[in-house]
Enquirer: 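Here it is, the structure, as structure tokens.
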2 protein chains.
Amino acid sequence: MDWPLLIESQPLLKHVPNELRHVTQCRNMTKGDTIFRIGDSVRNLFCVVKGEVQLIRHDIRGTKIVLQRSRSGFFAEASLGGTAYHCDALAAETGVLLFFPIAAFRTALDQNAAFRNVWIEQLAREVRKLRAQCERLNLNGAADRIIHYIESEGINDAVTLKQPRKAWASELGLSHESLYRTLKRLSDQGTLSIDGNKISLVS
Amino acid sequence: MDWPLLIESQPLLKHVPNELRHVTQCRNMTKGDTIFRIGDSVRNLFCVVKGEVQLIRHDIRGTKIVLQRSRSGFFAEASLGGTAYHCDALAAETGVLLFFPIAAFRTALDQNAAFRNVWIEQLAREVRKLRAQCERLNLNGAADRIIHYIESEGINDAVTLKQPRKAWASELGLSHESLYRTLKRLSDQGTLSIDGNKISLVS
DNA sequence: CACCTGTTATGATTCAGATCATATTAATCT
DNA sequence: AGATTAATATGATCTGAATCATAACAGGTG
């Protein structure tokens with residue numbers, strides 16, 4: 001287990017105490033793999049290092065309902081407090097997964113104040129980010145969503161994208177075509193200044 | 001302070017330890033009131049009992065950006081780990097607010113394991129719920145969002161609404177007109193069965 | 001009771017973004 | 001370097017949800 005490398009992709013891991021590290025497993029997953037099934041008893045907490053995991057339910061008619069799409073970081077954090085999973089987890093893309101035995105994780109949270117505080121802060125940050133994202137997705141213009149993103153995720157009215165625009169489009173709930181077009185329009189009309197991956201609002 | 005009444009509207013409050021209860025204040029807010037300003041040092045954690053609070057930023061051009069709209073429960077939970085607020089909080093609607101002094105709240109989390117676990121679970125549940133909501137808002141049909149809601153928030157492919165449809169529409173990111181129409185359509189075509197506030201998926 | 005306010009409901013119209021199609025450029029692989 | 005795949009564009013078309021308008025209805029208030 002190359003922790004320094006893992007920490008690079010997921011800073012929270014820096015604060016995982018040694019006792020917990022020793023029982024943590026790193027496993028490869030292949031597209032289509034089942035991570036857990038609805039009803040399974042909770043044995044692990046998971047962290048996506050690479051690839052994509054989807055949390056899924058199926059309705060009566062067999063339609064697949066995606067509850068969450070996770071491309072990095074923890075998922076199903078709420079399983080920490082429960083005994084059984086409430087949905088299926090499938091590997092949607094080949095990659096790497098961290099398995100934290102649930103009992104050891106709980107013990108670490110309970111006995112290690114520093115780790116616990118980091119965990120709480122991490123959850124709170126995620127809540128903050130997701131709430132802003134929901135507000136954003138409730139906006140209906142493409143331009144409004146872009147500006148809201150810059151304003152809520154950026155610094156000094158500017159963001160530097162760390163992902164391809166296509167991925168950004170899907171985070172904004174837009175087709176990539178709409179994103180390209182709207183960026184161009186906003187840039188042409190002088191609302192935005194675009195320099196490679198740095199996009200800033202112009203007063 | 002009528003804690004039993006408060007707990008009814010916000011179950012988490014049941015687990016607030018006595019030491020913390022004694023220093024908690026309940027205050028009325030009037031539409032337009034400032035709860036805190038960006039840059040203010042963090043003195044309290046807040047819980048909306050009644051009314052609406054909005055977390056807001058302003059961009060260079062003075063446009064108001066809503067980061068979060070809170071109608072019940074805690075907001076700005078991430079301020080627990082910080083020293084200054086990162087946005088403004090305004091009362092968008094007259095109501096009632098709980099003020100938890102931040103130091104006492106941190107102490108309670110640190111020393112009371114039960115309260116702490118409830119807090120962690122609460123955050124995790126919120127994350128779960130918000131992630132599902134984001135996935136839902138990324139769907140583009142009105143029908144898809146309705147079905148996704150029933151499937152992810154309901155039990156046995158059915159939900160009982162505890163809010164007016166108009167409010168549900170806004171949670172779904174739809175105009176209320178679209179919601180009414182789509183519900184009717186789905187009901188007519190036999191996909192949904194609607195009985196007052198109970199809406200269920202039909203196989 | 002009459003009155004007012006907000007929710008539920010349905011119709012007509014408009015338009016923004018999804019979709020499909022097609023290039024061009026950049027990145028990745030062998 | 002050449003080949004293959006993915007990202008970045010941009011155009012044409014079309015559909016579905018927003019918007020505006022109007023009305024029935026419920027719930028609460030004086």
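Here is the naming used below: chain letters follow the sequence lines, and residue numbers restart at 1 for every chain.
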Enquirer: Hey, are the side chains of B:T191 and A:R61 touching, using non-hydrogen atoms and a 4.5 Å cut-off?
Expert: yes
Enquirer: Calculate the interatomic distance between B:Q163 atom CD and C:dT7 atom P; express it in whole Å.
Expert: 12 Å
Enquirer: Rounded to the nearest angstrom, tell me the gap between atom CG in A:L179 and atom P in D:dT10.
Expert: 12 Å
Enquirer: For a quick check, tell me whether the side chain of A:R181 and the base of C:dT19 share a donor-acceptor pair closer than 3.5 Å.
Expert: yes
Enquirer: Taking A:F74 as the fixed residue, which of A:F99, A:W119, A:F46 is the one that meets the ring pair (Phe, Tyr, Trp, His ring centres under 6.0 Å) rule?
Expert: A:W119
Enquirer: Can you measure A:E93 atom CD to D:dA6 atom C1' for me and round it to whole angstrom units?
Expert: 13 Å
Enquirer: At less than 4.0 Å, is any side-chain N or O atom of B:R145 found next to OP1 or OP2 of D:dA17? Yes or no.
Expert: no
Enquirer: How close or far is atom P of C:dA23 from atom OH of A:Y180, stated in whole angstroms?
Expert: 18 Å
Enquirer: In terms of the angle between their ring planes, are A:Y180 and A:H176 parallel, tilted or perpendicular, with boundaries placed at 30° and 60°?
Expert: perpendicular
Enquirer: Counting heavy atoms from C-beta on, name the nucleotide in C:dT7, D:dG11, C:dA18 closest to the side chain of B:P164.
Expert: C:dT7
Enquirer: Which class fits the ring pair B:F36 and B:Y85: parallel under 30°, tilted 30 to 60°, perpendicular over 60°?
Expert: parallel
Enquirer: Given atom CG of A:L161 and atom C1' of D:dT8, what is their separation to the nearest angstrom?
Expert: 13 Å
Enquirer: Taking all atoms of both residues into account, what is the closest heavy-atom pair of B:V48 and B:G51, and its distance?
Expert: CG1-O, 3.7 Å
Enquirer: Evaluate the side-chain proximity of A:Q54 to A:K64: yes if any heavy-atom separation is below 4.5 Å, no if none is.
Expert: yes
Enquirer: By nearest nucleotide on DNA chain D, pick out whichever of A:R165 and B:G173 is the more 5' one.
Expert: A:R165
Enquirer: Figure out the CZ/P separation between B:R185 and C:dT10, and round it to whole Å.
Expert: 13 Å
Enquirer: Between A:T182 and B:K184, which has a closest nucleotide on DNA chain C that is more 5'?
Expert: B:K184
Enquirer: Please pick, from D:dG11, D:dA17, C:dA18, the nucleotide with the shortest atom-to-atom distance to any side-chain atom of A:E177.
Expert: D:dG11
Enquirer: Can you tell me how far P of D:dA18 sits from CG of A:N138, to the nearest Å?
Expert: 10 Å
Enquirer: Does the side chain of A:S175 get closer than 4.0 angstrom to OP1 or OP2 of C:dA18 through an N or O atom?
Expert: yes
Enquirer: Could you walk me through whether A:R71 and A:E171 pass the salt bridge (charged side-chain N to carboxylate O under 4.0 Å, His left out) check?
Expert: CA-CA 12 Å; A:R71 298 195 55 85; A:E171 192 181 340; over 6 Å; no
Enquirer: End-to-end bend of the helix from C:dC1-D:dG30 to C:dT30-D:dA1 (five-pair axes, 10° rounding)?
Expert: 60°
Enquirer: Could you tell me the separation between the CD atom of A:E171 and the C1' atom of D:dA7, rounded to a whole number of Å?
Expert: 17 Å
